[in-house]
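Here's the structure, in C-alpha cells; my notes come after.
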Amino acid sequence: MELDALEARITELRGEIRLAKAGGDDDAKVRRLRAELRTAERAWDDALDRGSEPDDAPPLLPIREQVHQALTLLGAPSASRVIVAVNDAFFAGRVAATQLTSLRRDEERSFRSSPYARPYYLCAALTAELLSPARGLLAISTWPVAVRIIGPLSPRTDFLTSAIRVAEHMTRLTGAGGSASSGAYRLLTRMARNIPGAVEGFGRADPARVVGAANAELVVHQENDRRDRHAAAERATTRLDEVTRLFGAGLRSASAS
Amino acid sequence: MNSPNHRLDALRGGVAPVDHNARTIAALAGNPGCDRRAVLDAAGIHKQSIAVHLGHPAPFGQSPFALDRARAFEELVKADGCAHLVRLLRETLGLSVPEVAYTDIADVGGNTAHQLRHTRTLAELRRAAEDGERSGTLFDHPLLKLPVAGHEVYLEPSVIAFQIRGRFHIVEIKSFAVIDGTADSGQVAAASRLSAVYVYALKALFRAEGIDPDRVSHEVVLVCPKDFANHPTATLLDVRQQLASLNRQLSRLTRIDRILDHLPPELTFSLEQSPAELARAIRTVEARYAPECLSACEMAYFCRADARVCGSVDVLGRATRDELGGLESIDAVLDLTAGDRLTSPEQAEIADQLRYVRAVYREHASAGAEAVA
Amino acid sequence: MTVPHSTPYSTPHSTRFPTGGTAETADSADSAGGTGGFGSAAEAAGRATAAILADFAGGGHRGVIVDSPPGAGKSTLVVTSTLELAGAGERLMIVAQTNEQVDDLADKIAMRNPALTVGRLHKDGFQVPERVVRHPGVTASKKIDDVASCAVVLATADKWAYVSGHTWKWAIIDEAYQMRSDKLLAIAALFEQALFVGDPGQLDPFSVVDTERWAGLAWDPMQSAVAVSARLNDLPVHRLPVSWRLPASAAPLISEAFYPFTPFRSGTAHGDRSLEFTAAGFPASWDGTLDEAAATGWALHELPSRHTIRTDADAVQACAALATRLLRRGPVAHDEHGSHVVDATRIAIGAAHNDQVAAIRAAGVPPGVTVDTANRLQGREYDVTIVLHPLSGRRDATAFHLESGRLCVLTSRHRHACVVVARAGIPELLDAHPSTGRVRLNVPVKFPDGWEANHAVLAHLAAHRVPG
Amino acid sequence: MVFIPLKLAGEAAAPLGAMVGTDPAEPHLLVVPQPRNRDLRFAFMSELAQIMLPYIEGFATAKETVSGRNERERYLDAPQVIVPGRRGVEFVRLLGRSTRFRRSDGPYPVDPSVPVLGQWLTFLYERGELAGSSALLAMTDALSLHWATGQSPMEDANLATLLAWISPPPGLTGQEAAAAAENPIDRPPAGPDTDPGFDAQVLQPAIRAYDASGSPALVRQALRTQLEPTWRLMWEAVDLMRALPEAASVAERWAIDRDQYTREVTRLAEGGPPRGRRDQAGPAAIRLWDMEGAQQSYDAQRAYDDPLVMTEHRAAGKAFTGEAVHVDADRKILLPGGKKPVPRPLVTVRTSDPVRLTPGKRVFSVHRRRQSGEIVEIDGDLIVVQLNDQLAKGAGVPTPGDAVCFTELDLGGRIRPGFPTGEETPWTHGGPPAAYVPTDEDAVEAWS
C-alpha cells in the first residue's frame, strides 16, 4: 500500500535528520534530507486526499460577524479563548483562536483607511492608567468608552458580567421553548465554579443560581470599578483622537508593530 | 592585579555575558563545590556552547508537548481575570471578596522595556505596600531585579505577586499534577527553589525601598493541575530553607576571586580557540563531578568523559566514593585490592578492608555465578 | 483532682506546630536572659510543671504536649505527674520507648513512693533488672493480667501494642518524639487522655522502607506520635524552659543551633560548675584538648584534613585515647550539688555509626566508659562526653550525616564538657554541599535545617580548636 | 508479561502507547494517536485490558490447598508484569489510579474492563512495594541485584546502558558499549518518558497528521521505532535472568505472591471496591508494618541464600563464618524462674571475620534456619554462641569441624499487633474517617 510505504520512508527520513543533526553533519546534508522529507510528506498528503473527499463545510458568517455576535452576548471586553467558547456553545461556530490573532490589527487598518465606513469595528479595550490597548482583549467600537476601559477591578467585574449574560441568554433560550446545548451548560458550569455559591459540587450549573451568585459578588466591586472606568473614559474622550480612542494609545501603536 | 570583573570578562573572551535568570540562579545550589561551574557561572559563560564546542553537548531539551501544556495551564489559571486564582486564594488564604484588583505589568503602555517595567513594578508594589489592600491585590508579570556576581539581573517571573493582610506572596504556576495531594518531590523541590529566587528578589526590592522585607511571605502559593484534570489546585510551600541556601550561594559567587587568584592570568574560555585548546583551558579549573551532574549541568558529559579517562572513582557515584575512604582512582582501588601496590600509611585501613572483601569473595568464586571485579 | 483546673500560668494554645508559636509556659520576663540565678530558674521550672499538671489533669484537653530541651527535667516531670495522679487515686499507664527508659522510670517512681503499686510489664524472656524489682511495690510480669490492677503500669510501646482488654483514663508517653505515629495508633485505644513528653530536637523516627507513599498525610505513620496528635487535634503545647543538665557554656549554643524558635537557658550560671584535673597535664595534644574542654566546656580536637573510611583509625584512636587520658588525670567536677570524682561511668563517647562505635570499643576504652551511637545515647546524661563528629573525614554530606537531631543528641549529653573529635575540612564540606533535597507537599518543614545547625555548632567550636 | 508504556510529556498520566505481550516474537503495539483526547485514552485502556486481563485472570484456574494454622486455597501460579525501570512502575501506579475509579455508567462512561484493569494495576503496584514480591518488577532493579557495573547507580537505571555493561556486543568493552547506548536515537529511552527530540521532530508532526487525516498510521509507525528496541532489550534481559539459578527462598516468596493473587481474585469476584486514594491511618500503619516485615525477611533471605550477599554483612561485622572448634552439646542451664534445667548447647567458632556483634546479641544460624542463639563471649577470633531453640532430641547442634555461619539478620515473622479499624480510629489520629462514598467526581476527574 502506497501510504504505508510513504509513512515508513517519512519516519526513516526523520530519524536520519536527527542523526545528521546530532552527529554534527554538514548543513548541506541536512538540507537535502529535509527537502526529501518535505517531498515525501506532500506525497503522503496527496495520497491521503485521493482517499477521502474534501470536507465541504457550509459557508459561514465572516469571522468578524461571529466575533461580534459572541461579544454582544458577553457584553464585556473578552479574550479570544472566551469568544471561541461562546461561539461554540451558542452559535455552532467554527472560529479558531488562531484566526483572531490578527483581527484587531486588520480592523485598525480598515478604520484608518476609511473611518466609520463600517457599522462597527472590533477594537481594543483600554487600560485605565495609560489608555494603552489591554493585552489579548477584543471589544466592540459601538460600546460606551467606559465599557472598554480595563481598571484593576474590571477583569473580575467583566468576568461576572459575562457569566450573568451567558446564564441569562440560556434562560432566554429555554424560555422561548428552545434549549441550551450541553456545550452551553459546560461553559456556564466552568464559569460558575469560580464564582462563590454559584454551583455546588460537580453538578451542572443552574442559570438562575449563577445570575444570583454573580450579582451578589458584582455589587461588591461595581461602584469602585465604575468610578475607575468613568474617570479613565473621560480622559480618553478628551485626550485621544478617534483612532487611539478605539485602538489604544501608548508608547507603541498597534499599526507600527 | 585585575579586578574580578575584569578577569571574568577576559575569561568570556570578549563576548557579552549570558543573563542569569531564576532558573540559573536556583541551579547554583546544585553543586556548589564545583569550581569549574562556579567560574563559568560567575563569568556568565554560556555553558552549553562550551560543551558543544568540546564535543560533549548535554542532551537537555524540553518536549514541545510539555511546553504547550505549561503554557496552556498558565493561561487557564489566569483566564477570566484570574478567576481560578481568585477562587484558590479565597479557599486557601481566605482572600476576601472585594480583593480582586488585578494589575498587569507585562508592558507599560505597550512598551516592554525592562527598565520601564521594573520602575512600574517598583511604583505599584510601593503603593500597594503603603496603601494596603485598596491599591491592588494581584500583580501579574512583575519585573524584579537582583544583583548576581556583581551584575544586575532582571528576573521575569511568570508568576504573580499578591498581597493579603499586608503580606505579599509569590504565586508559582506549574503544570505538573498534584495527585491526591502529592506530587513528584523532585519537581516540587525545583519549584520551591525557583520561587525562592523570586521571594528573595522581592524581599531585596522591599529592603531597597525601605519597606520591611518581612512583609514578603516565605510561603509561596503553588498552583498545579489537580489529579488528572486541568482543574487548578493550590498548595502552600514553605521556602525558608531554600531562601537560606540561596543566600549562601549568592554570597559564594561574590567570593569568586578566591578561585580566580589561582588561575593563570592569560586563561580564556573563548570559543575562538580549537576544542583541544578550550578543553585544556577548562581543565585548569577543577571540576567536582558526580553522576547527579548529568541531569543538572551542561558541562556534565565533558566532566564525565574526563573522569572516565582518569579512572576517577567519581564516576561510580558519591556513595561508593565515600566508602572508598579517600582513594581517587579506580586503578588505585584495584591495585590495593590485589595487593600490587605499596600502601601508604593513610591507605592502610581501606586496603585492609578491600583485601578482606576480596578474600571472602575468593572463597565463593567457584560457587557464585557472579563475576568478581 | 487535687490540681486546680486553671492557674495564672495556663496559656493560650496554638496548633501551629512545630515551628509556630508554642505556648511559652514560663513567664517571659524570666526566661529572657541566661543570667538568672539558680533560684529564679528553679521557680520558672516549677511554674512550668504546675501549669502542665493543671492543663493535663484539668481535663480540658484530651492531650497535652510538653517539649523538653535536653536535661530540662523531663523524667522528673513524668515522675511528679505520675505521683500526683496516683495520689488522687487515679490509675495510669506509662509508655516509654526502650526497656532501659521504662526501668529508669519504674525505679524512680518506686523510690519516690514505695507504697505505690507499680506494674512493670515486659516481653517474654526479658530480665527486669535488680534496681527495679528490689522495690516491694513493683510487680514485674509478661502478662497484663498480673499487673493490670497496679496503680501505675509501665511498659515499652512495643509491649503495649500487644495489650488489649484493659483501658486507662490516663497515659503518660515518654520520649514521644522518638515514638512513631503507627506505634501510637496501636496503643491509643488503651487510654482516654495522654501527656506527651519528649525532646523535639532529637532524632526523628525512621524506617528501612520507602515511606513516600504517606508523605503529606496528617496521619503519616512515619511522623512522631506528637506530630500526628498535634496535627489532628488542638492540643496545648508546653515547654520546659530550663536545662538543668547543660552548663551555661553549652545551653546558649544548643538552644540557638537546635531550638531556634523555642529558646531555653541553663539552670546554672557561669562559674556554678567547673571541671578540675587533680593530675597535672603534659603539653601533649591530648592534654591540651582536655584543658581547653575543662576551661571552657568545649574543645574541638582537630585532626589533619583527609577523606577517610568511616572507621577512621586516627579519629577512633583519638576518641579512645582522650577518654583514657581524661580518667588518668583524675577529674573532679564541682557543681551546684557539691563536688565529685568523675569516674568512668560519667564519661561517654558518641558516634554516628555502629561500626564506629565498634571500632572505638576495639581501640581500648577504659572499662565503664559508655560508647554508643547517637540513637542509643538519647535521653542519657554524663559529666563529660567525647564525640566523633558525624562529618569527620567525609567528602560528601548525606542527609543522615546532616540530620540536626544526631548532632544535637551528641552535643547535649554533658553536664560539664564536650570534646568533639573531627578532621579539619568540615566547613569546606558544608560549603560544597548541594541543596537539592526533595520537597514533599503538605509536609511541615523541619527546623532547624541540618546544614544551618551543623554550621552554627562548627562556628562555635572554631574558637575551641586544638590541633591533634 | 513484558509491558513498556509510554506517556505524553508534560502530562501526569496520559498514555501515548505501549508494547505489551508474553511472547518476544509477538509484541502488541497499542497507540493513542491523539493523547489529549480523552476518548482515545480510554479506548487505549480498554484495548490494554483486552490483552492484560486475560493474562492476569488466566492464572485463576488450578488451585492447591494450603494446610496449617490458616488453611486456605491458593492458585498454582500468578501473573508477573515486568516494566523497564522504576519510572515504569510509577506509571503503572498512575494508570491504576486514573482508571480504577472510572465507571461504566453515569457521566463519561468507560468500557467495563477499564476499571477492572485499574484495580489489577493497582494490585500489582501495591504488591511490588513489598520487598521480595515478584508481581511487578522493574527490569533495571532486577538486573542490578545480580550484576555490578562500572557506572553509577543513577546510570544503571537506564536499561540500555545497564545491559550494554552486562553483555556488551563483541569487540566492545562495557564502557564503550554503554557510551554508545546513551544515544537516544539508536537506543530510545525505555519510557515512560520519550526523548524530547523525538517529540519535536517525529511525534508532533505525526500527531498533526492524525488530526488532519484521522489516520493513526504515522503515530503507530513513530512509536514502533521507540518501543521496538526496548522490547528487544527487555527480552534479552529476561533471558539473562532466566539463566540464573533460582535462590532457595524464591519458592517461598512466590507463594506469598500467589496467596495475595488468590485473595485479590476472590475480593474482586465479590465486588470489592477500588482501593482508596490514600491510606487511612489504620491501613497505613498496617502497610508500614507489612513493608518493614517484608524488607527484613527479604534482606535476611537474600543473605542466607547467597554467600556473596552474606559477604557484605560479614564485611560489615553483622555476620561471621567459621569452623566450630568446640561444641558443648549436652550443656543444660536453669532459666530464671524455671524449674528444671533446659538444654542450651555452646558452640565455639573460630572466625577471621571482623565481627562487630557484642555478647548478649541474638544471632541466627544460617545453616539451620530459624534457629536462634546468643553470643556469650568473644575472645579474639573465638566466639562462643549459646543455641536457644530447635534442639529437640539433640538435633540441631553442629559437630566440631563443621562450617557454621551466624548472623544478626532475622528472617522475621513477628505477629502484627492489632491496629484499629476505620471506625475505631482513636482521637490521636483524627477519629474515624468519613466513609468513602463514590461520587461523580470520580467520573468527572477528566483526563485532559
Side-chain angles (χ1 to χ4, degrees), chain C residues 62-63 125-128 142 157-164 171 173 180-194 196 207-223 225-226 228-233 235 310-311 353-359 361-362, chain D residues 86 90 93 125-126 128-131 277-296 298-299 315-318 335-337 354-358 360-362 372 374 378 380 388-389 408 414-421 424-431 433:
Chain C
R62 299 210 69 171
F126 177 78
Q127 276 293 297
V128 180
K142 63 181 184 186
D158 285 333
K159 179 63 186 177
W160 279 118
Y162 294 92
V163 171
S164 59
I173 298 171
R180 244 169 39 183
S181 154
D182 58 331
K183 288 195 171 172
L184 178 64
L185 182 64
I187 66 166
L190 299 175
F191 56 81
E192 288 170 31
Q193 294 188 36
F196 298 94
S207 175
V208 291
V209 298
D210 180 8
T211 56
E212 176 130 9
R213 176 187 179 95
W214 301 292
L217 288 176
W219 50 83
D220 178 352
M222 280 311 299
Q223 300 170 101
V226 183
V228 68
S229 312
R231 265 174 96 170
L232 289 161
N233 297 277
L235 303 183
R310 271 198 330 222
T311 51
H353 295 279
N354 277 311
D355 53 1
Q356 293 171 332
V357 166
R361 284 189 186 137
Chain D
R86 287 199 193 171
E90 175 63 11
R93 177 180 85 83
Y125 173 79
E126 303 224 318
E129 270 194 330
L130 282 107
R277 291 177 164 80
R278 301 288 300 269
D279 293 337
Q280 294 297 340
I286 289 172
R287 191 164 176 81
L288 177 57
W289 174 279
D290 289 348
M291 282 168 70
E292 289 184 323
Q295 188 69 48
Q296 182 189 5
Y298 176 64
D299 288 346
K318 292 180 192 162
L335 293 180
V355 182
R356 292 206 166 113
L357 305 169
T358 47
K361 182 80 196 172
R362 192 163 183 232
S372 71
E374 66 182 77
I378 299 180
N388 285 344
D389 48 28
E408 65 170 17
R414 281 193 306 150
I415 300 162
R416 186 170 67 206
F419 287 103
T421 59
E424 290 169 346
T425 307
W427 64 269
T428 53
H429 288 66

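Per chain, numbering begins at 1; letters A, B, ... match sequence-line order. Model, not experiment: these values are computed from the prediction.
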Under a 4.5 Å heavy-atom cut-off, does chain D meet the side chain of C/Q127, its backbone, both or neither?
side chain
Non-hydrogen atoms of chain D under 4.5 Å away: do they reach the side chain of C/D158, the backbone, both or neither?
neither
Report which part of D/E129 has an atom under 4.5 Å of a heavy atom belonging to chain C: side chain, backbone, both, or neither.
side chain
In terms of heavy-atom proximity below 4.5 Å to chain C, should D/R416 be classed as side chain, backbone, both, or neither?
backbone
Would you please say whether a donor-acceptor pair under 3.5 Å links the side chains of C/N233 and D/W427?
no
Going by an N to O cut-off under 4.0 Å, is there a salt bridge joining D/E126 and C/R213?
yes
I need the residue from C/A218, C/A358, C/S181 with the largest number of non-hydrogen atom pairs under 4.5 Å to chain D.
C/S181
Heavy-atom pair count under 4.5 Å with chain D, highest-scoring of C/D182, C/L185, C/T211
C/L185
Using a 3.5 Å distance criterion without hydrogens, assess whether the side chain of C/K159 forms a donor-acceptor pair with backbone atoms of C/K142.
yes
Counting heavy-atom pairs under 4.5 Å with chain C, which one of D/G431, D/G317, D/G430 comes out on top?
D/G430
Comparing D/D299, D/I286, D/L288 against chain C, the one with the most heavy-atom pairs below 4.5 Å turns out to be D/L288
With D/D389, which residues qualify under salt bridge (charged side-chain N to carboxylate O under 4.0 Å, His left out), at least two apart?
none
Are there more than 12 heavy atoms of other residues, nucleotides or ligands under 6.0 Å from atom NZ of D/K318?
no
What I'd like to find out is whether the side chain of D/K361 reaches to under 4.5 Å of the side chain of D/V355, using heavy atoms alone.
no
